[in-house]
J.: 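Below is the structure I would like to discuss, written out as structure tokens.
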Amino acid sequence: DVDYKKGFNVPLTLKKKIAKQLYADYFISGNINDKENYNVLTKLYKTENGQLISEIKQTNSNIFNIIDNLSLFYRKEMGVPLSHIQSNTNLSSSEIITESSKAYEEFIKGIIFRIYENNNDLSIQHLQEAIKIDPGFCLGACGLYNTCERSHNEKYEEIKSDSIKMALKHIYKVPTRLQFRIKIGNYIWHVGQPEKARKVAKMWVKQYPNCLDPYYELAHILMLETKNNESIKVYKEILEHNSTSYRAYEHIVHIYSTHLGQYDKAIVYAEKYMEACPRQAPSYALLADIYYGMGNYGLSKDYYEQAFMLASDNSNYLCGIAKCEINSGNFSQSEEQLEEALELCK
């Protein structure tokens, strides 16, 4: 049976669509067989046209060797200059992740149960087993903390506290960007000191001014602190670096419309988003949301319809049309849209 939900049997067209939505220039697809040695076949595709660029097959008893080989191979295939690859510190995956394939297997199971099964209890069991096998497994401890946090269950409070302490203790094992993320996450979600998280994010920006991740982290922290105008300023800096950075448009529009009630400015940036990414349905949906908040249901419906034309598998846009119909007093038309949305969900 086709089971897209768990990532199996996903057609190439859908993979290409997802890569486009993520604004990725390339995407990798493949399969793994571990009956004896690990047999991994991967293929690199160009997102724009779905063209197969290259493929490589790896057979090895050590999964971490395969990860390292694939990482180097595909960086070269995607045009990363050899001088850049050689100038950067590239630790082996076993150094960054864990040297225990069993611990890594338990970690993967834990993540799968959280993401695909929405089963936090089983996820926590497997993640606990992973760090029991390897007490220095920093990423495993981070995964355990995240699952405990998302479970919103008081019985996991002690486990959550121990896991973030373990992650911080072994933070030296992970790359710099993950070190920053762990420190920021600790200050925001565990210690409750966003002002310290902000200082860490600013340090990250200072050290890596050409990387967008630290800017996004800083803007998010400022928004959590309700420093909305400062947050918008940082998101605008992101757009100066990359005018097609769609998440920055979405956040700016959200702050202007939802937090500040400045719909006119929200419209300006939603239109800039549409101009930069005219084939992306979310840019039309953003305008639909703004006009809905303003009470202009006719214009909101029009933009929801345009969004649905670009993404006819998205039932949320049909629901948006239905909301507009309800507020316009067109109840029978709204019912038709909702029935269509229900059918699409099946």
Side-chain angles (χ1 to χ4, degrees), residues 13-27 46-50 211-213 215-220 222-223 228-328 330 333-334 337-338 340-341 344:
T13 50
L14 182 54
K15 295 173 185 175
K16 176 184 169 186
K17 179 180 177 181
I18 293 168
K20 274 190 173 182
Q21 290 174 342
L22 295 173
Y23 296 89
D25 294 326
Y26 301 90
F27 65 93
K46 184 81 172 174
T47 301
E48 184 180 359
N49 53 17
C211 178
L212 297 185
D213 285 352
Y215 291 91
Y216 273 111
E217 287 289 347
L218 177 58
H220 178 63
L222 290 166
M223 190 169 64
N228 293 311
N229 288 315
E230 291 181 48
S231 179
I232 288 173
K233 184 180 177 180
V234 177
Y235 283 125
K236 288 180 179 179
E237 285 184 58
I238 292 172
L239 293 176
E240 289 175 7
H241 284 279
N242 184 354
S243 62
T244 61
S245 189
Y246 70 101
R247 284 192 295 148
Y249 289 110
E250 291 174 351
H251 287 302
I252 290 172
V253 170
H254 175 72
I255 295 171
Y256 272 137
S257 60
T258 305
H259 296 292
L260 299 176
Q262 298 177 5
Y263 293 109
D264 53 339
K265 292 182 178 179
I267 289 171
V268 169
Y269 275 89
E271 288 178 342
K272 285 184 178 181
Y273 178 20
M274 185 186 298
E275 185 179 336
C277 313
R279 298 180 182 178
Q280 294 298 321
S283 63
Y284 293 84
L286 268 184
L287 277 164
D289 291 339
I290 295 168
Y291 284 116
Y292 183 85
M294 295 173 65
N296 190 334
Y297 304 119
L299 204 49
S300 176
K301 175 189 171 184
D302 182 53
Y303 278 111
Y304 276 129
E305 288 175 338
Q306 291 183 66
F308 187 68
M309 288 177 192
L310 290 169
S312 55
D313 58 346
N314 193 320
S315 60
N316 288 325
Y317 301 148
L318 289 175
C319 292
I321 296 169
K323 287 193 301 180
C324 294
E325 296 287 18
I326 288 173
N327 283 281
S328 300
N330 303 323
Q333 289 94 326
S334 176
Q337 294 294 334
L338 291 172
E340 188 178 344
L344 186 61

J.: Donor-acceptor check, side chain of S245 to backbone of L239, threshold 3.5 angstrom: yes or no?
T.: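 Such a contact is absent between S245 side chain and L239 backbone.
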J.: Tell me whether the rings of Y269 and Y249 are parallel (<30°), tilted (30 to 60°) or perpendicular (>60°).
T.: tilted
J.: From I290 CD1 over to L299 CG, what is the distance, rounded to the nearest 0.5 angstrom?
T.: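 Between I290 CD1 and L299 CG, I get 10.5 Å after rounding to 0.5 Å.
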J.: Establish, yes or no, whether the cationic atom of K301 lies under 6.0 Å from the six-membered ring centre of Y304 and within 45° of the ring axis.
T.: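 Pair K301/Y304 does not count as cation-pi.
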J.: Testing the basics here: between L344 and S312, what is the closest heavy-atom pair and its distance to 0.1 Å?
T.: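 L344 and S312 have their closest heavy atoms at CD2-O, 3.8 Å.
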J.: For V253 and A266, work out which heavy atoms get closest and say how close.
T.: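 Heavy atoms of V253 and A266 come nearest at CG2-O, 3.6 Å.
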J.: Once rounded to the nearest 0.5 Å, what's the spacing between atom CG of D264 and atom CE of M294?
T.: 8.0 Å
J.: Distance check, rounded to the nearest 0.5 Å: K265 atom NZ versus Y256 atom OH?
T.: 5.0 Å
J.: List the atom of A19, the atom of F27, and the distance in Å for their closest heavy-atom pair.
T.: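 So the two residues come closest at CB-CD2, 3.7 Å.
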J.: Is the backbone N or O of A24 less than 3.5 Å from a side-chain atom of T47, with the two atoms forming a donor-acceptor pair by type?
T.: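 Yes: the side chain of T47 pairs with the backbone of A24.
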J.: How long is the span from the CD atom in E48 to the CG atom in D25, to the nearest 0.5 Å?
T.: 9.0 Å
J.: Please round to the nearest 0.5 Å and tell me the distance separating atom CD of Q337 and atom OG of S315.
T.: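 Interatomic distance, Q337 CD to S315 OG, rounded to 0.5 Å: 12.0 Å.
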J.: Step through it carefully: locate the ring centre of Y297, locate the ring centre of Y292, and say whether they are under 6.0 Å apart.
T.: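 Yes, the ring of Y297 comes within the 6.0 Å limit of the ring of Y292, centre to centre.
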J.: Shortest non-hydrogen contact from I326 to S334?
T.: CG1-OG, 3.0 Å
J.: In sequence, state the C-alpha distance, the side-chain angles, and the governing distance for E240 and Y215, and then conclude on side chain to side chain contact (heavy atoms under 4.5 Å, CB included).
T.: CA-CA 12 Å; E240 289 175 7; Y215 291 91; over 6 Å; no
J.: Within this structure, what is the CD-CG distance for the pair E230 and L222, rounded to the nearest 0.5 Å?
T.: 5.5 Å
J.: Report the C-alpha separation of D313 and K17 in whole Å, then their side-chain angles, then the decisive distance to 0.1 Å, and conclude whether the side chain to side chain contact (heavy atoms under 4.5 Å, CB included) test is met.
T.: CA-CA 12 Å; D313 58 346; K17 179 180 177 181; 2.6 Å; yes
J.: Considering all heavy atoms of both residues, which atom of C277 and which atom of S283 are nearest to each other, and what is their separation?
T.: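 Scanning both residues, the minimum pair turns out to be O-OG, 3.6 Å.
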J.: Can you see which heavy atom on A248 is nearest to which on I238, and at what distance?
T.: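 Nearest heavy atoms, A248 then I238: CB-CG2, 4.0 Å.
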J.: Indicate yes or no: at least one non-hydrogen side-chain atom of Q280 is less than 4.5 angstrom from one of Y246.
T.: no
J.: With a 6.0 Å cut-off (strictly less than), is the heavy-atom count around CD of Q262, excluding the residue itself, greater than 12?
T.: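 Counting other residues, nucleotides and ligands, CD of Q262 exceeds 12 neighbours.
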J.: Would you check if P282 and Y317 make a side-chain contact, meaning some heavy-atom pair closer than 4.5 Å?
T.: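 In contact.
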J.: Quick one: list whatever passes side-chain contact (heavy atoms from CB on, under 4.5 Å) with Q306, sequence neighbours left out.
T.: Y284, D302, Y303
